[in-house]
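Computed from a predicted structure; not experimentally measured. Counting convention: from 1, in listed order, for ligands and their atoms alike. If you read the sequence from its start, that first residue is 1, and numbering goes on from there.
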Amino acid sequence: MRSNEQTGKFCPYYPQPRKSKATLLNLFFSARHSWLDALYERSYQMRMGEVHLPGLDLYMVNEPAAVRQIMEDRNGDFLKSPLLGDALRPLLGDSIFTTNGNQWQRQRTMMNPAFEQARMQVAFPVMQDAVNAMMIRLDQLPEGVEHDMEVEMTYVTADIIFRTIFSQPMEGDDARRIFHAFARFQALAPRLMLPSLFGVRWLVWPWDTWRSRRAATEIRRLLEKLIQPRYAAYQQAATGQPRDILQSFLEARDAATGTPFNFEELVDQVAMLFLAGHETSASALTWTCHLIAHSKDVQDRMHAEAAALGNPASLQASDLKSLELIRNVFRETLRLFPPVGFIARQASTGCPLGGKQINTGDTIVVAPWLIQRHRKYWQAPDHFDPDRFERPGTRDSLRQAYLPFGMGPRVCLGAAFALQEATLILARLVRDYELTPVPGHVPIPVGRLTIRSANGVRLLLTRRN
Ligand code: HEM
């Protein structure tokens, strides 16, 4: 961990890339722990790389024009890879995150209304309630003691998505069981995914598969318990139902057939939203805390920006517009630590791409982690510099090489939701607290379901006067 001597910008630690490509065996064993460990120096400079393993031909694409082809122009030829889907199916069923073709199109059209701008306004007071609860929890923590920010960031983002889906706080035994079972499921997912990626599925421990299925079954049963009464009320045309995400899903109709989501589909989509809606935001917010704790000047400016808003209890969604620095800090975190570090696709047809011939079934990886730290597209790529977003010189980098939410038709459905909740959480946090590093503690990024720290992000929180 170091600062740039000329600019004073903080450079967070990340696993130093290998000098040269690893052997197959090395690659597998290092990637099993974290796929970031399998990267080598050229990965951050190349336009396209390839790995050929028994049963797997994989292309890593950094070239902006080729990325656009995969994600936008010819997205129909590059489908969601089954790698992720296979590991997540016991929990998410056939949810929007993993489906393709007409099935995906139907789901996306039916789910879009829940995330329109008007709905974000409705969600704002609900997010405020969850953030108020976070501030109460933080106020009860003893001062001068280190805290793992990952714990609170995971809890508050889970609480926000829970409240926006169900119009109730994540309290009580069942809600807590959902939260803990999700944590178990997430921890196991990479162990099931990586052997598939390397074509050695037989290396998956049956014990891991069993534990993952058990967690998935528990979560789905608990979610069914929550969804059932609302489903029944909707069938009986009960009035006075809350205007939350679940209600929007109940009202959604297939444009062609006029049919609604059936009960099973509802459970799939709600489970997926709970996972996609908090795991990613929690990862990004935790890294933001790490970065600003090491950049006192930036944190003080964020504090001034948040304090200028006045009484936090009466904040409105429109107030967030003035928080430009806080937004840029979050955007810069998403550049350095994109929660979805790699996006996998499978070619449904043979075609030329970036000068190579791709065959049907080949795996294509677009890695925001690499593209957003790419030596050719970014200046000082490893340094934390939120003001870069204000400099005209960054426009090209942004246009070509910034995709924390993906791009094209499958761009993140919850991007506006994530930006709104993150800005609110950060504004409230830096307004009342100063975050400082714990001497000697260096968080180690690991690439799993999202990019998390192997040893937590421990910080000291001091209440500002
Ligand atoms: C900082 C937070 C977040 C990041 C970085 C993020 C990132 C992404 C990315 C990269 C994708 C595209 C994956 C691909 O193309 O294969 C995606 C898809 C998706 N995200 Fe997010 N996400 C975030 C938060 C959220 C939230 C809060 C929600 C919901 C409330 C959400 C819901 C979804 C859904 C439903 C999809 C699937 C869209 C589709 O396939 O049509 N995400 N997200």
Side-chain angles (χ1 to χ4, degrees), residues 67-68 70-72 75 78-85 88 92 94-101 103-116 119-120 123 126-127 130 153-154 156-166 244-246 248-249 268-288 327 329-346 363-369 371-372 402-426 449-452:
V67 169
R68 208 160 282 280
I70 298 160
M71 310 282 289
E72 266 183 26
N75 73 87
F78 297 99
L79 303 177
K80 276 272 180 146
S81 158
L83 287 174
L84 200 61
L88 301 182
L92 310 186
D94 284 328
S95 81
I96 186 175
F97 205 78
T98 48
T99 51
N100 283 305
Q103 190 182 15
W104 165 77
Q105 185 66 64
R106 167 176 187 270
Q107 294 170 341
R108 179 87 190 200
T109 314
M110 290 170 77
M111 292 170 76
N112 272 337
F115 293 91
E116 281 165 0
R119 286 278 182 166
M120 290 305 102
V126 182
M127 289 183 180
M153 292 303 118
T154 305
V156 68
T157 49
D159 192 21
I160 287 180
I161 192 70
F162 195 89
R163 289 177 193 242
T164 44
I165 295 175
F166 295 116
D244 48 23
I245 294 179
L246 181 54
S248 171
F249 287 178
D268 291 351
Q269 306 303 355
V270 166
M272 182 280 308
L273 264 198
F274 191 78
L275 179 67
H278 86 279
E279 170 64 17
T280 45
S281 297
S283 151
L285 282 161
T286 307
W287 288 115
T288 311
R327 238 184 350 263
V329 163
F330 190 64
R331 292 166 84 195
E332 177 70 341
T333 309
L334 292 176
R335 184 185 71 79
L336 281 170
F337 294 100
V340 182
F342 79 87
I343 297 171
R345 296 285 190 265
Q346 191 174 52
T363 297
I364 315 291
V365 171
V366 171
W369 172 273
I371 296 173
Q372 295 176 172
Y402 186 73
L403 66 161
F405 292 107
M407 61 161 74
R410 299 209 70 149
V411 69
C412 175
L413 185 59
F417 184 104
L419 290 174
Q420 179 167 294
E421 73 173 331
T423 312
L424 177 62
I425 291 170
L426 290 173
L449 205 50
T450 56
I451 294 188
R452 290 287 195 142

Is there a donor-acceptor pair under 3.5 Å between the side chain of T423 and the backbone N or O of L419?
-> yes
Roughly how far, to the nearest 0.5 Å, is the CG atom of L403 from the SG atom of C412?
-> 12.0 Å
Backbone N or O of F249 within a donor-acceptor pair of the Q269 side chain at under 3.5 Å?
-> no
Roughly how far, to the nearest 0.5 Å, is CG of L285 from OG1 of T154?
-> 9.5 Å
2.8 Å shell around atom 21 (Fe) of ligand 1, exclusive bound, protein N/O/S atoms | 1
For F337, what residues pass the ring-ring contact (aromatic ring centres under 6.0 Å, His included) criterion, not counting sequence neighbours?
-> W287
Select one of side chain, backbone, both or neither to describe which atoms of M272 lie under 4.0 Å from any atom of ligand 1, heavy atoms only.
-> side chain
For I96, the ligand 1 atoms with a heavy-atom partner under 4.0 Å come out as 35 (C), 39 (C), 40 (O), 41 (O)
From F166 CZ over to D244 CG, what is the distance, rounded to the nearest 0.5 angstrom?
-> 8.5 Å
Any chance you could lay out the side chain to side chain contact (heavy atoms under 4.5 Å, CB included) test for F115 and L273, step after step, and finish with the verdict?
-> CA-CA 11 Å; F115 293 91; L273 264 198; 3.7 Å; yes
Part of L273 within contact of ligand 1 (heavy atoms, under 4.0 Å) | side chain
Should you measure from each heavy atom of P339, which atoms of ligand 1 turn up under 4.0 Å away?
-> 5 (C)
Taking the side chain from T98 and the backbone from S95, do they hold a donor-acceptor pair closer than 3.5 Å?
-> yes
Any heavy atom of Q107 under 4.0 Å from ligand 1? The part involved is neither
Any idea which atoms of ligand 1 are less than 4.0 Å away from a heavy-atom of F417?
-> 27 (C), 30 (C)
Flag the pair R335 and E332 as a salt bridge only when some basic side-chain nitrogen lies within less than 4.0 angstrom of an acidic carboxylate oxygen.
-> yes
Considering only heavy atoms of W104, which atoms of ligand 1 have at least one such atom less than 4.0 Å away?
-> 39 (C), 40 (O), 41 (O)
Using a strict cut-off of 4.0 Å, indicate which atoms of ligand 1 neighbour a heavy atom of R410.
-> 12 (C), 15 (O), 39 (C), 40 (O)
Name of the residue among D268, I96, L413 meeting side chain to side chain contact (heavy atoms under 4.5 Å, CB included) with Q107 = I96
Ligand-side contact atoms (ligand 1) for residue partner K80, heavy atom cut-off under 4.0 Å = 13 (C), 14 (C), 16 (O)
Any donor and acceptor pair, going by atom type alone, linking the side chain of E421 with main-chain N or O of M127 inside 3.5 Å?
-> no
Atoms of ligand 1, numbered as shown, that sit under 4.0 Å from any heavy atom of P404 = 5 (C), 7 (C), 10 (C)
Check I161 against ligand 1 and report side chain, backbone, both or neither, counting heavy atoms closer than 4.0 Å.
-> side chain
Report the member of F97, F274, F342 with the shortest heavy-atom distance to atom 36 (C) of ligand 1.
-> F97
Taking atom 15 (O) of ligand 1 as the point of reference, which of R345, R108, E279, E421 owns the nearest heavy atom?
-> R345
Any side-chain heavy-atom pair from M71 and R410 closer than 4.5 angstrom?
-> no
